[in-house]
Amino acid sequence: MKLLNSCTLSLALVLATGCPGGGQESASDTDVGSSGNASNSTDPTGGQDCSAVMVPAIDESSCMPLATDYMPRTNMSADDTWPACISDSGTYTLVAGTPGAQARIDAYEKIADALWRKQDPTPDDFTFARDQYVIPEGLESRISRREDLHEDPIPMDDPDWDPQVDADKQCTVAAIVAKYPKRCIGPTAIQPILDEAFAAGQAGTGDANINAARIHGALVWFIYLSTYKEANTCATETAEDCDATWAYYTGGQSIDAGIGMSAEVKAQSVTTHERIHDAILAVRCWRDLNKGAMSEYPLLPDLPQDQVDLFNQGWEQLDQGLHRGFAVVLRGHMQAYVDAACAGTPYAAEWAFLQAAAKGLQSEAERRDATNAAVLADLWAKAEPTAAEVAAGITALDAIFPCT
């Protein structure tokens, strides 16, 4: 996918310094903080030699939106090219009532508190978390059919297309899932991670913190895809899906108080978080601009080409922001891995998160930059990379997904 936003990302490369007592600690110009994953007591101790580890620090001071981007935050909407609309205040306005996605992110928060936000969750904690996961019309119901709209669509003339099933639910058809595994990413890749990790956690099998981290990574991948998907169906199927776009990312909270993925993006990059929020408001703005006199919402195929183009412009703005947002979340866990490996403290849970989540960006990485994507592919295939290998992965990730 073509990168739309132009900016210069300055990376300050800082040489790690040794620390007394055997372990070594990597230094960087920015403190990305902890990812929140609990430590794994079975990890090896005695830090790696990090004397040559170079860790890039993020400098977003030169990041600028495109001239065509919607910019609704204070003193910005007057400078963009979009017509005046309901989103210009910078606050999201619901199309309809409270979206179901908000309850799914509430469940995500309860799962987080039960699992990866604590040390050594118990089988009972995993049972509680799974109960939140399988609530009717909750997370599991959507993961089991989630499509990745970055992949080629399923052709309606496929002989296995089921006319009795809605177009956006074809990934519940077993034959379709088998034929289009990349498109049907929920049932083929995300759901198996969750099923295995929940089952192991409930049985007390393996390391509890690793099982929790795998669940965390898979759910972040799902939220990233869902935010993008709902923005599309807001235009093509039902206007209420605009509300789901906003709720999947923010949990139904304001830009300053988001939960779920928005909180995790914001912890790594406020700029990226704000740009994603702008893009969600762009989709809502477009929906407002294309509203009938009786508050009916005509769908994309029925609109003139200039409005189709405007929607695609806003949807692409969201896509760029979400790619960068997912990337900075991964980056935070990679930094935490490097810090722990160099200091001789546990890091297996960080790696479990990355192996569960990172493949969600790999296809986009390959579309953008084959060379750096190969660095990441080699990294994710390792069972236990060195701090230097993960630091090199951070550099590759930054090159592929610069600031928006």
Salt bridge check: are [X] and [Y] linked by an N-O gap of less than 4.0 Å?
| X | Y | value |
| --- | --- | --- |
| Arg324 | Glu60 | yes |
| Arg117 | Glu109 | yes |
| Lys291 | Asp288 | yes |

* Kindly state whether the ring of Trp286 and the ring of Tyr297 have centres lying under 6.0 angstrom apart. => no
* **Pairing residues for Arg183 by the salt bridge (charged side-chain N to carboxylate O under 4.0 Å, His left out) criterion, not counting sequence neighbours** => Glu147
Are the side chain of [X] and the backbone N or O of [Y] linked by a donor-acceptor pair below 3.5 Å?
| X | Y | answer |
| --- | --- | --- |
| Asn211 | Thr205 | yes |
| Tyr228 | Trp315 | no |
| Lys182 | His150 | no |
| Gln362 | Ala373 | yes |
| Ser269 | Val265 | no |

* Asked: Asp88 and Cys85: which non-hydrogen atoms are nearest, and at how many Å?
  -> OD2-N, 3.0 Å
* Do the rings of Tyr92 and Trp246 sit parallel, tilted or perpendicular, given the 30° and 60° boundaries? -> parallel
* Asked: Would Ser51 and Asp49 count as having a side-chain donor-acceptor pair, cut-off 3.5 Å?
  -> yes
* Asked: Can Tyr347 and Glu384 be counted as having a side-chain donor-acceptor contact under 3.5 angstrom?
  -> yes
* To do: Could you note down all residue pairs passing side chain to side chain donor-acceptor pair (under 3.5 Å) where residues 171-180 supplies at least one of them, sequence neighbours left out?
  => Asp158-Lys179, Asp158-Tyr180, Asp160-Lys179
